[in-house]
Amino acid sequence: MTARIIDGKAHAAALRARVATAVAGFREAAGRAPGLAVVLVGEDPASSVYVRSKNRATAEAGMRGFEHRLPADTGEAELLALVDRLNADPGVDGILVQLPLPPHVDASAVITRIDPDKDVDGFHPVNVGRLASGLPGFVPCTPLGSLMLLRDVRPKLAGLDAVVIGRSGIVGKPMAQLLLAESCTVTIAHSRTRDLAACVRRADVVVAAVGVPGLVRGDWIKPGATVIDVGINRTDREGGGTMLVGDVDFAGAVDVAGAITPVPGGVGPMTIACLMRNAYVSACRRDGVAVDGRVDASGTPG
Ligand code: GUN
């Protein structure tokens, strides 16, 4: 069997188009555009690329972008003061502080300072708690995008065995909460897990989010399983240059899985599409405008 390749790029483009239509409706209703502030401290090359893409997507969605690029030696107090200003700015509906922050800044203090109702990343402890409690809030963009792709190929998730590999606050933990809310039987595996291969072999759904190239081997995959590869790892290409690979050995898994996301072109593009969705939803909530149902598959959490 050869797996269905899940086209995250096409899904993301479709979601972004639906968000742009919904944003046009919001602008009519509210008389203003939704606003998204993105804060970047320092010049980490990968973060700079992400922030540029986020700002471009914000403009393409018809939203206002507020870009704040600060030098790497910006102090924590200065960053907290900027967050305070963005919290108080009525034109800002969403605030994203790009991670990682330089080591002299306490990232958790910065995230906790963001108004939970503008926390479109879903990283604030209030939104973490809302997700765990099944309350409306903001769900982190990468797991939300992963769930959207998963639901498209597996509309009936209830009762399935799912393994999430990785326990980060950005992906692993919220992904596990989302799968639990879908009534999957969820295992969270991590670097101290004793027999990862056995966990993966049981799973109908595998979500890999550890940042170890090719960690999940093809012969670990249960035939017909759905594989969502969140890893984006730059590795050396045979014969020179570099390439992006996921946490799953794609060549090995593609002959066994029922469906699989490629890297690149799988989960990656969904992250920014979901950020646009969250920023639009935030503006709707803040202005009391009904959310256009087309931005969500039915029952989308957050
Ligand atoms: N760094 C890597 N991924 C993310 C993300 O989704 N949000 C933020 N703020 N920083 C990140």
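Both counts, for ligands and for their atoms, begin at 1 and track the order of listing.
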Using a 3.5 Å distance criterion without hydrogens, assess whether the side chain of Asn233 forms a donor-acceptor pair with backbone atoms of Gly246. yes

Looking only at the side chains, is there a donor atom on one of Thr242 and Arg237 sitting less than 3.5 Å from an acceptor on the other? no

Can you pull the salt bridge (Lys or Arg N to Asp or Glu O under 4.0 Å) pairs that have at least one residue in residues 189-214, sequence neighbours excluded? Asp204-Lys222

Test of understanding: with side-chain hydrogen bond (donor to acceptor under 3.5 Å, both in side chains), list the residues that count as partners of Thr271, not counting sequence neighbours. Thr142

Give every pair made of an N or O atom of ligand 1 and a protein N or O atom lying under 3.5 Å apart, one pair per line with both atom names and the distance to 0.1 Å, or write 'none'.
{"unit_1": "ligand 1", "atom_1": "1 (N)", "unit_2": "Gln98", "atom_2": "NE2", "d": "3.3"}
{"unit_1": "ligand 1", "atom_1": "1 (N)", "unit_2": "Leu99", "atom_2": "O", "d": "2.9"}
{"unit_1": "ligand 1", "atom_1": "7 (N)", "unit_2": "Asp121", "atom_2": "OD1", "d": "3.1"}
{"unit_1": "ligand 1", "atom_1": "7 (N)", "unit_2": "Asp121", "atom_2": "OD2", "d": "3.4"}
{"unit_1": "ligand 1", "atom_1": "9 (N)", "unit_2": "Val97", "atom_2": "O", "d": "2.8"}
{"unit_1": "ligand 1", "atom_1": "9 (N)", "unit_2": "Asp121", "atom_2": "OD2", "d": "2.6"}
{"unit_1": "ligand 1", "atom_1": "10 (N)", "unit_2": "Leu99", "atom_2": "N", "d": "3.0"}

Ser48: partners by side-chain contact (heavy atoms from CB on, under 4.5 Å), with sequence neighbours left out: Leu40, Arg52, Arg69

Could Asp93 and Arg32 be called an ion pair, given the rule that one side-chain N must be under 4.0 Å from one carboxylate O? yes

